[in-house]
Amino acid sequence: MILKNAELVLKEGVVRADVTVENGKISAIGTAGEGDEIDCTGYTIFPGLIDMHVHLREPGFEKKEDILSGSRAAVKGGFTQICCMPNTNPVVDNKVVVAYIKARAKEAGLCKVHPIGAITKGQKGEELAAIGGMKAAGIVALSEDGKSVADTKLMANAMLYASDFGLKCLCHCEDASLASGGVVNEGYNATVAGLKGSLRAAEDIVIARELCLAESLHLPVHICHVSTYSGVQLIREAKARGVKVTAETCPHYFTLTDDVIRTFDTNTKVNPPLREEKDRLAIIEGLKDGTLDCIVTDHAPHHEDDKRVEYDLAAFGISGLETSFALSYTQLVKTGALTLTELAEKMSANPAHILNLEGGELKVGAPADLTIVDLNQNWKIDPAEFVSKGKNTPFGGREVFGKVIYTVVDGDVKYSLSKGSKA
Ligand code: DOR
Ligand code: ZN
Ligand code: ZN
């Protein structure tokens, strides 16, 4: 297969060249060989996007999403690899559930799906999960996502064990006692709406704890979905001292503020909550200066039954796979905050590097995982068009730039805008 005449987002910058794909790998860049040609004039090719923070809900919550529907949403969103969080039922805390997810993902046959194991058994925060067995079965990281490990000694042990197995802990940072009952950010909008707020400190305290552990133990740690200006600053300072920390944020944190909660639209309810303008701007600064390494979706699909209820009772989460690229491109590249190459780092190279995954770069010899987009195409986000079972987005009606035209995994076209996904 030869992709003709595209703009390529390389590590060194953007160039115009042909890409030749043979046996699932990139065999040439620049000098076209022989094969079926796909005309990519006007399109831009990114290294296959990688989302290291996704909830696929299977096993247990297939009403919200399953591995096939989530994979379809992923390739539609341009993702060639995704990592799925373990807060399923049963929890991913042993090798059997890991093997189940991998088998279902293989059946789906769309993007590469990498399971993440729970830190503690049943995510109960009492004893460590069967980490060695899960590693042998193929997990790429550990996380208690949905909550933090409250017991600090247990968290320290988790980081030590994780490192023995070459794994990192991906930390959802939330002090449960402080956040308790909060459904939105504590502040002016929470007061006006009459909704119970959660302080930034509930997030920052645990970010600080994980940074202290990483520093004292000389171990790496990854901070999930950073939402506060103060969290960005804690991570920036830790990085400057040489702490081995990496961090992610999500499109909703650099696009929205808690002004939108005053609509009482439960699609704006997410954990951590949408914050204020100074947080949003600090997140963008953090992405620009490298404090924040990756953009993830925290794709958290929910059924209508979980969202069409009073704000206090609604489930936390945003369905993000099908909007992440366009929101990131529109909010960060169109505005001049990031270059295309930097966007590719945040959405592909850095996640690959953090989790030791193959891919993340367009180069000869690499797997032909490619995300081909039309950056000039603008479109209106419409949740009714989502292939994810989760239609829960606060971005319905928003105009964005950047449409995924093809998603190629190991040289196979798994999604095309005109034909949909292959499965
Ligand atoms: O909004 C969220 N949804 N935040 C989380 O931490 C968990 C996630 C979910 O699983 O729904
Ligand atoms: Zn989380
Ligand atoms: Zn999550």
Side-chain angles (χ1 to χ4, degrees), residues 51-66 70 73-74 82-92 114-120 123 125 140-150 155 169-176 179-180 182-185 198 202-204 206-207 210 221-228 231 247-253 256 258 260-261 265-275 294-307 309 311-321 323-324 351 388-395:
D51 188 346
M52 62 180 283
H53 189 148
V54 168
H55 297 267
L56 291 179
R57 306 299 192 203
E58 185 181 349
F61 303 106
E62 291 83 355
K63 196 169 127 179
K64 295 173 190 274
E65 190 81 290
D66 59 38
I82 57 177
C83 304
C84 57
M85 284 295 178
N87 60 339
T88 50
N89 185 18
V91 166
V92 185
H114 306 287
I116 296 167
I119 295 176
T120 72
Q123 291 192 306
V140 295
L142 292 170
S143 181
E144 201 80 331
D145 191 47
K147 55 182 146 181
S148 294
V149 175
M155 188 62 205
C169 291
L170 318 180
C171 302
H172 169 116
C173 297
E174 179 179 8
D175 181 297
S180 175
V183 294
V184 293
N185 179 58
S198 178
E203 179 171 344
D204 298 344
V206 183
I207 294 179
E210 314 303 41
V221 73
H222 177 83
I223 306 295
C224 289
H225 43 52
V226 177
S227 75
T228 63
E248 60 182 45
T249 191
C250 315
H252 39 277
Y253 299 121
L256 299 175
D258 67 352
V260 295
I261 68 168
D265 176 359
T266 57
N267 292 319
T268 63
K269 183 173 172 181
V270 61
N271 187 23
L274 300 172
R275 307 280 184 188
C294 333
I295 298 168
V296 303
T297 59
D298 195 5
H299 177 71
H302 286 293
H303 192 268
E304 208 184 303
D305 293 351
D306 307 315
K307 282 290 194 181
V309 292
Y311 204 98
D312 284 333
L313 302 177
F316 289 100
I318 291 172
S319 179
L321 283 169
T323 55
S324 179
S388 167
K389 290 186 194 177
K391 316 295 178 197
N392 49 303
T393 177
F395 295 112

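When a ligand or atom number is given, it counts from 1 through the structure's own listing order.
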Do F395 and N267 touch side chain to side chain, with heavy atoms closer than 4.5 Å? no
Side-chain donor or acceptor of K307 paired with backbone N/O of G317 under 3.5 Å: yes
Taking 2.8 Å as the limit, list every protein N, O or S atom around the Zn ion (ligand 2), by chain and residue number. D145 OD1, H172 ND1, H225 NE2
Pocket residues around ligand 1 (non-hydrogen, under 4.0 Å) come out as H55, R57, N87, D145, G146, H172, V270, N271, D298, A300, H302, F316, G317
Using side-chain heavy atoms (C-beta onward) and a distance below 4.5 Å, is E248 in contact with L170? no
Nearest heavy-atom approach of C169 to I119 is SG-CD1, 4.2 Å
Among C83, P115, C84, which one satisfies side-chain contact (heavy atoms from CB on, under 4.5 Å) with V140? C83
Nearest 0.5 Å please: distance from the CZ atom of R275 over to the NE2 atom of H252. 11.0 Å
Any donor and acceptor pair, going by atom type alone, linking the side chain of H299 with main-chain N or O of G320 inside 3.5 Å? yes
Can you tell me if K64 uses its side chain to pair, donor with acceptor, with the backbone of A300 under 3.5 Å? no
Reference residue E203; test side chain to side chain donor-acceptor pair (under 3.5 Å); the match among S227, S198, S148: S227
